[in-house]
Amino acid sequence: MKNFIIAFCVFVVWSFFGLWIYYWLQDESTLLSSDTAEMTIGDTVPSSPETTVNLDTLTEKIETYSDEKLRAFTLSGETLFAFDQPISIQKNRSEIYIPEATLDFKYKLNAYYIEHPNTELHIKSQYSAEEITGDPNLGVQRAENLKAILTEIGIPESHIVIKPHIRPIPFENDGSYAKAFSFEFEPLDKNRVATLESA
């Protein structure tokens with residue numbers, strides 16, 4: 001009986017020690033993941049309160065996909081479309097380049113808006129700190145080109161929000177980059193629209 005009690009006590013001590021080591025390592029791993037996430041999110045610098053980006057959502061949406069497709073997300077977060085040939089940009093230039101195979105993007109966005117008129121379309125536009133600076137920045141300038149196309153097809157200007165996103169961009173040798181834009185529908189911010197209309 002004495003040997004059993006000694007063995008049981010040793011077992012309990014080693015169990016607590018093992019659990020302590022496990023949780024200690026787990027906490028360190030979690031902390032490392034949090035630090036990495038902060039480094040990724042920290043690259044985002046909204047230019048003004050009106051262009052404040054939901055960093056968690058934006059980072060998650062952008063980083064989830066490693067391909068270069070042009071994507072749009074519905075109000076519920078589902079993928080509305082994913083075009084194989086994305087809208088591309090050129091370093092230090094505000095022009096955008098829309099492949100013929102991707103021209104339907106505007107019709108798909110407009111069709112979704114017509115079905116969901118109490119939404120607003122966010123244009124997520126990336127630009128790099130390495131590019132020339134301007135006012136507004138190149139992220140806004142490029143997104144304004146898209147906004148003009150979308151308002152022409154029927155989406156009200158007040159229901160389109162530009163969200164510039166500054167981050168390191170791996171431009172190709174010719175200065176092009178093909179993952180600069182994504183679209184996301186959000187609930188309509190009626191206060192923002194009222195402010196625009198009263199201005």
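The first residue of the sequence shown is numbered 1, and numbering continues consecutively from there. We use all heavy atoms of the structure for the numbers below, so side chains are in, but hydrogens, waters and symmetry mates are not.
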### Task
Please check if atom CD in Glu152 has more than 12 non-hydrogen atoms from other residues, nucleotides or ligands closer than 6.0 Å.
no
### Task
Enter the distance from Ser182:OG to His165:NE2 here, rounded to the nearest 0.5 Å.
9.0 Å
### Query
Step by step, would you call Leu70 with Thr102 a side-chain contact (heavy atoms from CB on, under 4.5 Å)?
CA-CA 8 Å; Leu70 175 67; Thr102 308; 3.6 Å; yes
### Message
Would Phe185 and Phe73 count as a side-chain contact (heavy atoms from CB on, under 4.5 Å) here? Give the steps.
### Response
CA-CA 6 Å; Phe185 283 94; Phe73 300 95; over 6 Å; no
### Task
Measure from the side-chain N and O atoms of Asn137 to the backbone N and O of Tyr127, and report whether any donor-acceptor pair falls under 3.5 Å.
no
### Query
Roughly how far, to the nearest 0.5 Å, is CD1 of Ile149 from CG of Asn110?
13.0 Å
### Message
Tell me if a side-chain donor or acceptor on Gln126 pairs with a main-chain N or O of Lys179 at a distance below 3.5 Å.
### Response
yes
### Task
State whether the side chain of Ser125 and the backbone N or O of Gly139 hold a donor-acceptor pair below 3.5 Å, judged by distance alone.
yes
### Task
Using modelled atom types only, decide if a donor and an acceptor are shared between the side chain of Glu120 and the backbone of Asp189 within a distance under 3.5 Å.
yes
### Task
Find out whether Tyr97 and Ile89 are in side-chain contact, i.e. whether some heavy atom of one side chain is under 4.5 Å from a heavy atom of the other.
no
### Common cluster, Leu75/Leu109, ILVMFWY with side-chain heavy-atom separation under 4.5 Å
yes
#### Entry: Point-to-point distance, once rounded to the nearest 0.5 Å, from CD1 of Ile160 to CZ of Phe183
9.5 Å
### Message
For a side-chain contact (heavy atoms from CB on, under 4.5 Å) check, start with the C-alpha distance between Phe81 and Arg71, then their side-chain angles and the critical distance, and finish with the verdict.
### Response
CA-CA 6 Å; Phe81 61 69; Arg71 296 182 187 274; 5.8 Å; no
### Sub-6.0 Å ring centroid separation between Phe105 and Tyr107
no
### Message
Let me check something: do Leu138 and Ile123 share a hydrophobic cluster, defined by ILVMFWY side-chain heavy atoms less than 4.5 Å apart, either directly or through other members?
### Response
no
### Query
Judged by atom type as modelled, is there a donor-acceptor pair below 3.5 Å linking the side chain of Asn118 to the main-chain atoms of Leu188?
no
#### Entry: side-chain contact (heavy atoms from CB on, under 4.5 Å) assessment of Glu144 paired with Gln141
CA-CA 5 Å; Glu144 287 285 358; Gln141 292 180 43; 5.7 Å; no
### Query
Are the ring centres of His159 and Tyr113 closer than 6.0 Å?
yes
### Task
Look up atom NZ in Lys106 and atom CD1 in Ile155, then write down how far apart they are to the nearest 0.5 Å.
11.0 Å
### Task
Begin from the C-alpha positions of Glu131 and Lys91 and carry the test salt bridge (charged side-chain N to carboxylate O under 4.0 Å, His left out) through to its verdict.
CA-CA 7 Å; Glu131 296 185 272; Lys91 187 174 183 179; over 6 Å; no
